Structures are given as C-alpha cells and as structure tokens.
Amino acid sequence: MEKFRQSMYELVVETSTNLPYDVRRAIRKAKEQENAGTRAALSLATITQNIEMADDNVLPICQDTGMLTFEIKVPIGANQIEMKKDIYEAIRQATKDGKLRPNSVDSLTGENSGDNIGPGTPIIHFEQWEEDYIDARLIIKGGGCENKNIQYSLPMEIEGLGRAGRDLDGIRKCILHSVYQAQGQGCSAGFIGVGIGGDRISSYELAKKQLLRDVNDVNENTKLKDLEEYIMEKANTLGIGTMGFGGEATLLGCKVAAQNRLPASFFVSVAYNCWAFRRLGVQMSAITGEINNWLYQEGEKVSFKEEDNKAVAQQEEAKEVVLQAPITEEQIRELKVGDVVVINGDLHTGRDAIHHHLMDHDAPIDLNGQIIYHCGPVMLKDSDGEWHVKAAGPTTSIREEPYQGDIMKKFGIRAVIGKGGMGPKTLKALEEHGGVYLNAIGGAAQYYAECIKKVDGVDLMEFGIPEAMWHLKVDGFRAIVTMDSHGNSLHKDVDKTSFERLQQYSEKVFA
Ligand SMILES: O=C(O)C[C@H](O)C(=O)O
Ligand code: SF4
C-alpha cells in the first residue's frame, strides 16, 4: 500500500478544488432554468466562474472545506489502522498546501488544531466487503449547510403545512419544509439527502449517505422515486432561488432512503448540502493503494467558461455604486435593496469569535465608517512571512444576529458583507444607525479572493486563521444590497413569498 497516502492526498485535493461531473450537470441545468439578466442568473454565473477558477488554480472552491467524511470499503484483511494514519498525513499535507482550511476547533477552548486533525475530525467509516479492491469516497460538507440540516419526529404539526402523520404524506411535508427553512442560508440551490427511520443518529447518518448517490440515479423503490420527483418539482416552485435571492432553481437534487425504526419513533432527517457539493470517490488497488478509477466522473465534463463571459459582460452593464471606506451615513442612506455595489479599499474580516469579542472589548483598529466582511479565509504564509489569501467567500451572517446591530452602533461600522441575510434586530439597527447589509455569493471563494489585492495585517490571531480579524485591501469587490437603512429586506420578502407558496402544498398527495 505504498501509494495509499498519495492517493488519499489526491482525493482530498481533487474533492476540495474540482466539482464532480454529476454536480456540474445539475448546476448547468439550474442555469438553463433562470432567465438571463436576473439576479439569480447573475449569481449563478458568479458561481460557475468560481468553479472554473478553483479547477484552473487547484484551490478550494469554497473557503469552508468542511467536515471531511470518508466512507471506505475494504477487502477482508486490509489494515485499517495504517490506512487511518495515512489519511491523517494526507490531510495534514493538504492543509499545509492551502487546499484545506484549518477547520478543527476545540469546542470548549475555541483553539484551532491547525491541521484539521482532532477529536472527532476527520470522520472515517470503514466497512468490509468481498471485492478485492478499495472503494473510498469523501464528502466535504461545510458548516453553513450543515447548520440547515433538520430532523423531524412524526407525528407533528409543521408550520405552513399542518399535521404530518406517520406516513408517506407526512414525510413529504417534512422534506418540503426542510427546503423552505433552509432559505438561501445553506448557499442554495442545494442538494438534500433524506433518511427515514432509525434512531436519531442513524437517521441522520442515512440522510448524509444519500449524498453519496449520483445526482442522476433513479431510486429503485418506486414510492421513494415518486417522492423524490415530487419534491424536485415542488421545491423548485418555492421561489427561493440562488442564495435566497428569488428564482427558479432552489433544489438541484433529492435522494431519499428508508430504514426500519422503533415502534415509538419515526424520524425524518434531512442533510442539506450547498451548491458547492464536494464529494468524490476512487477505486484503488488493495495491494499498492494506487487509484484505478475516479467515481462520479462519467460522461462529459461540463465547462462553464463561454457562458460565463456573456453573463459577466451583462453584470458589468448593471448600475453600480462604488463604496470606499470610510463611508458616511449619507452614502449609506442613498442605497436601496437591489443596488449593486463595488467596494474598493479597506475591508476587515470578522465572524463568530470577533463579534462575541467586540461586545465587551475595544476593537484592535478604528472601525468608524468601515466595512466588516463575515468571512473566514484560507490563508498561507510565504517564506518571507507575508500572508496570501487562498480562498475568501462569505460566511452565514445570521449567526451574528444577536451582536451585529450593537456592534455596528458601538464602533460606527457602516456596512457588513455576508451571505444569507440577517434578521429583524439587525434590520432595525440598520435603520436607526444608517447601515447596510451587503450580500456576496456564498461559496464563491476564488472569485472574491481574486479581488483581494493585499493583506494589510491581522489581529486577534489567537482565535485561529478563520476567526482572526484580517485587514484586507480589495479592488472591485462586488456585492448586492439586500437589507437597506429604510427597513427593506430582500430576505424577509423571499421568506414571506416562499412561505405562502409552501402553504399551497398542505393537501394530501400520497395515500
Ligand atoms: O465557515 C465558512 O467559511 C462558511 C460556512 O460554511 C457557512 O456557510 O456559513
Ligand atoms: S459557504 Fe456556502 S458553499 Fe461554502 S460550505 Fe458554507 S454553505 Fe457551502
């Protein structure tokens, strides 16, 4: 097995940087559904441009390189202890090379292990089989979409859909609701894996395993096949669209499986995966560990290059407002939901640890009139001690909802950039203080990294690379106003209309 470690390194790097063929096809289909020039179509163009950039530069598609989860089938007698050690080494190397973000954080102290190895990370499941080769699959699922996973316990009352019983129709309601509740926060359009039955844990496990199925496969169970088709059709009428901006493409894949349950329990679990659906697999020799075959790569590889050029040209025609910090209250009051802004100059990152910290500490720099970017980048230091940005898309903003308004007022911050939108508390603060929320495209980590021209410095490094406050100089950083200082929120509107549409589906469909 002398080649096993190298093969695992290749699997990790390829999964983080190159979307599988079946996922690319699903994204192309979504693009075909959106009308040219709409916000959804332009956002999808940014997404596909990002996919190509990550592929060309062999860098992470999204800066959140997720929870590494391996599902490995081995012939009887294969040494799983040695394989595990090789996987750890491969992950350490991929982290050093900037292909993975250090993503393993001590839950009690907040300390980042720095190399993605720690209690509970990565997840490696081995299973024996009677074939003579190894089948290793890897899924790297980011935290934002993981947070949108949901588990239902039937029977129950589901908002918008009414009573859901312990039958196929009850299951139908759970799954439709799961797509509604995710809104754009898990970087829609997404993919879902659904597990029915089991206990709470095995139900979620079954759901996540469905994400290993090919996007185009057909369920052998005809009832579940019908359910999958129904969900695909109806979920795409909810109008949530790319990043929750509204649009035709909300769900790109739905895979459902059932297992037995206890008489007293009836769980329906949904694993939500963002458009950056990073999972690949390899078949390897059990003697040398050499890769003989890549999985999920059948058929033609969709390339988005040409289509993107057209869309990018359209994007440049849109009316844009240039913002450069320090920004005044007057400038902010002129902005309205739907405006496209282009940011030049200073940006400062701040996510979970920074928001928590700023509540009762001073800021390391003067933030008056400044812009905060909800982002945990992938950074590498060169031999001269200079930092370089390797991937830097937005993170889910709603997690900062308890802090954001207070922090903006306390420090005079005028704009925050993130994704997925924020809630009523922040909206009220934006109105009172004169602030704006700007939405960047989630997962487009290469696209935004390219706008970052220089790293000016870093503070609060004790929180680890993703959570530190990075001071960045940007040029041409594009984002959309989705919450303004006049009480308007695109997120509130899309939630309302998608909820109304969800309610249409409360009548019984499956007997
Ligand atoms: O952690 C991140 O950088 C992003 C996260 O995956 C998110 O979607 O919020
Ligand atoms: S930022 Fe979006 S694309 Fe990236 S892992 Fe999170 S949910 Fe997925």
Side-chain angles (χ1 to χ4, degrees), residues 15-17 19 23 26-27 30 43-44 46-51 53-54 59-69 100-105 110 112 116 121 139-149 179 181-193 208 211 240 242-245 250-253 271-279 349-355 372-379 389-401 404 416-422 439-449 463-470 479:
T15 308
S16 174
T17 62
L19 275 194
V23 174
I27 292 175
S43 310
L44 270 168
T46 304
I47 284 173
T48 52
Q49 197 180 338
N50 183 74
I51 293 169
M53 289 168 86
L59 284 171
I61 297 165
C62 174
Q63 76 290 337
D64 184 357
T65 55
M67 176 65 94
L68 292 125
T69 308
L100 294 176
R101 185 175 73 185
N103 248 3
S104 176
V105 178
N112 193 313
N116 273 305
T121 63
I139 174 160
I140 65 179
K141 187 170 183 300
C145 59
E146 186 66 16
N147 293 346
K148 299 321 290 185
N149 288 5
V179 178
Q181 63 87 40
Q183 290 291 302
Q185 289 167 3
C187 291
S188 56
F191 298 79
I192 53 172
K208 191 164 174 181
L211 295 173
I240 295 165
T242 307
M243 295 313 298
F245 291 163
T250 296
L251 190 65
L252 302 179
Y272 188 95
N273 207 107
C274 47
W275 66 260
F277 184 12
R278 292 153 289 170
R279 65 103 173 78
T349 69
R351 52 178 293 167
D352 310 68
I354 297 288
H355 281 76
I372 293 290
Y373 182 23
H374 297 158
C375 168
V378 179
M379 306 295 275
V389 182
K390 294 287 156 192
T395 191
T396 319
S397 303
I398 195 71
R399 294 193 306 268
E400 317 318 335
E401 181 68 3
Q404 194 67 80
V416 291
I417 312 171
K419 58 117 171 157
M422 303 195 73
N439 209 307
I441 310 297
Q446 292 308 315
Y447 177 84
Y448 294 113
F463 296 144
I465 287 178
E467 297 278 356
M469 182 177 254
W470 295 93

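Counting convention: from 1, in listed order, for ligands and their atoms alike. Please read these numbers as outputs of a predicted model, since none were measured by experiment.
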Peer 1: Is any side-chain heavy atom of Pro60 less than 4.5 Å from a side-chain heavy atom of Gln446?
Peer 2: yes
Peer 1: What pairs with Lys141 under salt bridge (Lys or Arg N to Asp or Glu O under 4.0 Å), at least two apart in sequence or on another chain?
Peer 2: Glu146
Peer 1: Which ligand 2 atoms, with their elements, are less than 4.0 angstrom from a heavy-atom of Arg278?
Peer 2: 5 (S)
Peer 1: Within less than 2.8 Å, report the number of protein N/O/S atoms around atom 8 (Fe) of ligand 2.
Peer 2: 1
Peer 1: Please name all residues satisfying side chain to side chain contact (heavy atoms under 4.5 Å, CB included) with Thr395, sequence neighbours left out, ordered by chain then number.
Peer 2: Arg351, His374, Arg399
Peer 1: How long is the span from the CE atom in Met67 to the CG atom in Asn103, to the nearest 0.5 Å?
Peer 2: 9.0 Å
Peer 1: Of Asn112, Thr121, Asn116, which is the lone residue that meets side chain to side chain donor-acceptor pair (under 3.5 Å) with Ser104?
Peer 2: Thr121
Peer 1: I'd like to know whether Thr396 forms a side-chain hydrogen bond (donor to acceptor under 3.5 Å, both in side chains) with Lys419, so could you lay out the CA-CA distance, the side-chain angles of the two residues, the decisive distance to 0.1 Å, and finally the verdict.
Peer 2: CA-CA 5 Å; Thr396 319; Lys419 58 117 171 157; 3.0 Å; yes
Peer 1: Could you tell me, atom by atom, which parts of ligand 2 come under 4.0 Å of a heavy atom of Lys419?
Peer 2: 1 (S), 2 (Fe), 7 (S)
Peer 1: Is there side-chain contact between Leu100 and Leu68, with at least one heavy-atom pair below 4.5 Å?
Peer 2: yes
Peer 1: Taking atom CD1 of Ile51 and atom OH of Tyr447, what is their separation to the nearest 0.5 Å?
Peer 2: 14.0 Å
Peer 1: With a 4.5 Å cut-off on side-chain heavy atoms, are Ile47 and Trp275 touching?
Peer 2: yes
Peer 1: Check whether any side-chain heavy atom of Ile139 lies under 4.5 Å from a side-chain heavy atom of Asn273, and answer yes or no.
Peer 2: yes
Peer 1: For ligand 1, would you mind listing the residues that have at least one heavy atom less than 4.0 Å away, ordered by chain and number?
Peer 2: Gln63, Asp64, Arg101, Gly143, Gly144, Arg351, Thr395, Thr396, Arg399, Lys419
